[in-house]
Amino acid sequence: MPSVIDNSCIKCGLCASICPVSAMHLADTQMVIDPEVCIDCGACIAECPQGAITPDSEASAETVQFNAEQAKIAPSA
Ligand code: SF4
Ligand code: SF4
């Protein structure tokens, strides 16, 4: 159950700085998480000042799809 980021992200970079597996990618509009890399440690959820990160089971289908698609094309953060 990977974590995902919603569109309230302000691209502060805090999550990317603490992720142990470098799962974050910086898309044009927000940070996203690569679901194939995230190990579901949960560390980033507590760090986000926006509350933008949740388990994918608690996010919208659009958010889950956006993270997976953008992680393939956006640069690593
Ligand atoms: S849950 Fe852990 S592994 Fe997954 S993106 Fe957040 S910090 Fe990285
Ligand atoms: S910590 Fe939250 S607001 Fe900052 S880049 Fe990560 S998801 Fe976006």
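We count ligands from 1, going down the list as the structure has it; atoms in each ligand are counted the same way.
Here the closest non-hydrogen pair linking His25 and Ala74 is ND1-O, 2.8 Å. Among all heavy-atom pairs drawn from Lys11 and Asp28, the shortest one is NZ-O, 2.7 Å.
Of all the atoms in ligand 1, the ones that sit under 4.0 Å from a non-hydrogen atom of Val21 are 3 (S). Applying the 4.0 Å criterion to heavy atoms of Gly42 picks out, from ligand 1, the atoms 1 (S), 2 (Fe). Taking every heavy atom of Pro20 and a limit of under 4.0 angstrom, the matching atoms of ligand 1 come to 7 (S).
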Determine all donor-acceptor pairs shorter than 3.5 Å in which one atom belongs to a side chain in residues 29-49; sequence neighbours excluded.
unit_1, atom_1, unit_2, atom_2, d
Gln30, NE2, Ile5, O, 2.9
Gln30, NE2, Asp6, O, 3.4
Asp34, OD1, Glu36, N, 2.8

Which atom pairs, donor and acceptor, lie under 3.5 Å between side-chain atoms of residues 51-61 and protein residues at least two apart or in another chain?
unit_1, atom_1, unit_2, atom_2, d
Ser60, OG, Thr63, N, 3.1
Ser60, OG, Thr63, OG1, 3.1

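To the nearest 0.5 Å, atom CG of residue Asn67 and atom NZ of residue Lys72 are 11.0 Å apart. Taking OG of Ser8 as the start and CD of Gln50 as the end, the distance is 5.5 Å to the nearest 0.5 Å.
Here Cys41 does not reach atom 4 (Fe) of ligand 1: none of its N/O/S atoms is less than 2.8 Å from the metal.
Residue-level contacts of ligand 2 at the 4.0 Å heavy-atom threshold are Ile5, Cys9, Ile10, Lys11, Cys12, Gly13, Leu14, Cys15, Met31, Cys48, Pro49, Gln50, Ile53.
Legend: residues meeting side-chain contact (heavy atoms from CB on, under 4.5 Å) with Ser22, ordered by chain and number and at least two apart, are absent.
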